[in-house]
Each structure stands twice: as C-alpha cells, then as structure tokens.
Amino acid sequence: MSQEEIEVEAIGIEVSSQPIELYKVLKIANAVSGGGEAKMAISEGYVAVNGELEQRKRRKMYDGDLVEFNEEYYVVLCDQPVQEPSDEPVKKKAEKPAAKKPQSQKANNKGNKPKKSAPKKANKGGKNKPSEPKAVNSADQSTGRKLMSF
C-alpha cells in the first residue's frame, strides 16, 4: 500500500515553550471550555495526534504536531527550542515544603491551644473578664487573632 497525501487546513496554535501537554493545546485553541473537558475528550478517544488516536492526556506535543478534534485540525507552532524538565524545579519544590514544616508545626500547636483556651472564651462573656486590659490592635497569644472590643 502506498500512502496518499491529503492536504488539510489547520489552525495554528502558538505556544511559548515546548513540549506542551496535549490537553493544554486543546485549552489554548479554545476547542474545549476547560482542562477537565479536554482530558475527558482525550481519554474517551475523540482526539487524534498526527493521524493516530491518542488517549494520553499529558502527551508531549512539539512544533509541527497535528491535532484533530471535533472535525477541526490544529497545528502546534513554537519558535523556542525544546526545553526538557530539569532536576532544579524538583529540588526547589522539595526545599519549599521543608521550609514550611516549622510553620505546619506551629499550625498544629495553634490547633491544640484553642482547645485549652476554650473555657477562657466562655468566661469572656461578661462575668469573669481578665484583670489585665489588652490593646485593641494586639493579637491573642493563643489563637493569633486580633482582639475586638465593643
């Protein structure tokens, strides 16, 4: 069998970097209303890439790839060189949670302190006011919330 060339009119989708994931191409092309719809259309077999049915939502698309969806053709256009993901972003992501761990421990402590101070809140109703006046702009030490006076 010989392959026959067919000429089709395709809409050019310009992207700023490559590779780009297939579902994002459909979003950029406004072929779908959102990423969830794009992923569903791909997984259900409504999308073809370079003439072949494609069911991988995150398939990497490069300059010149042809996408067929809903009887429309889209070609990926990018003048930037291919940028494969490096290890640096992964390391940065790993460092950020490490920096947030002390904050999460504080959050855990804050979560425990209101339980201890719950009776104090009930006493603030008017009968047993604290003996020392607190400034309106200072934060409550147990909850971190700003105090209000009426």
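Everything quoted here is computed from the prediction, not taken from an experiment.
Between Ser43 and Gln55, the closest heavy-atom pair is O-NE2, 3.3 Å. The two atoms that bring Gln83 and Pro19 nearest to each other are O-CD, 3.4 Å, heavy atoms only. Residues Asn50 and Gly64 approach most closely at OD1-O, 4.5 Å, considering heavy atoms.
Taking 4.5 Å as the limit, some side-chain heavy atom of Leu26 sits within range of a side-chain heavy atom of Ile42. Using a 4.5 Å heavy-atom cutoff, the side chains of Glu68 and Val47 are not in contact.
The side-chain hydrogen bond (donor to acceptor under 3.5 Å, both in side chains) test applied to Glu37 returns Ser33, not counting sequence neighbours. In this view, Glu21 and Arg58 satisfy the side-chain hydrogen bond (donor to acceptor under 3.5 Å, both in side chains) rule, not counting sequence neighbours.
More than 12 heavy atoms of other residues, nucleotides or ligands sit less than 6.0 Å from atom CD of Glu44.
Residue Phe69 is not grouped with residue Val75 when hydrophobic side chains (ILVMFWY) are merged at heavy-atom distances under 4.5 angstrom, including chains of intermediate members. When the side chains of ILVMFWY residues are joined at heavy-atom separations under 4.5 Å, either directly or via intervening members, Ile20 and Tyr62 end up in two distinct hydrophobic clusters. Hydrophobic clustering of Ile, Leu, Val, Met, Phe, Trp and Tyr side chains at less than 4.5 Å, counting indirect connections, unites Ile11 with Val15. Note on Val25 and Leu66: separate hydrophobic clusters, where clusters join Ile, Leu, Val, Met, Phe, Trp and Tyr whose side-chain heavy atoms are under 4.5 Å apart, directly or indirectly.
Atoms CD1 and NZ, on Ile13 and Lys27 in that order, are 13.5 Å from each other to the nearest 0.5 Å. Atom-to-atom distance recorded for Tyr74:OH and Leu22:CG is 12.0 Å, nearest 0.5 angstrom.
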TODO: Could you go through the side chain to side chain contact (heavy atoms under 4.5 Å, CB included) check for Glu52 and Glu54 one step at a time?
DONE: CA-CA 6 Å; Glu52 295 182 13; Glu54 184 60 66; over 6 Å; no
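Annotation: cation-pi geometry not satisfied between Lys57 and Tyr23 (NZ/CZ under 6.0 angstrom from ring centroid, within 45° of ring axis).
Each of Asp63, Asp79, Asp65, Leu77 was scored for a side-chain contact (heavy atoms from CB on, under 4.5 Å) with Gln18, with one residue passing: Asp63.
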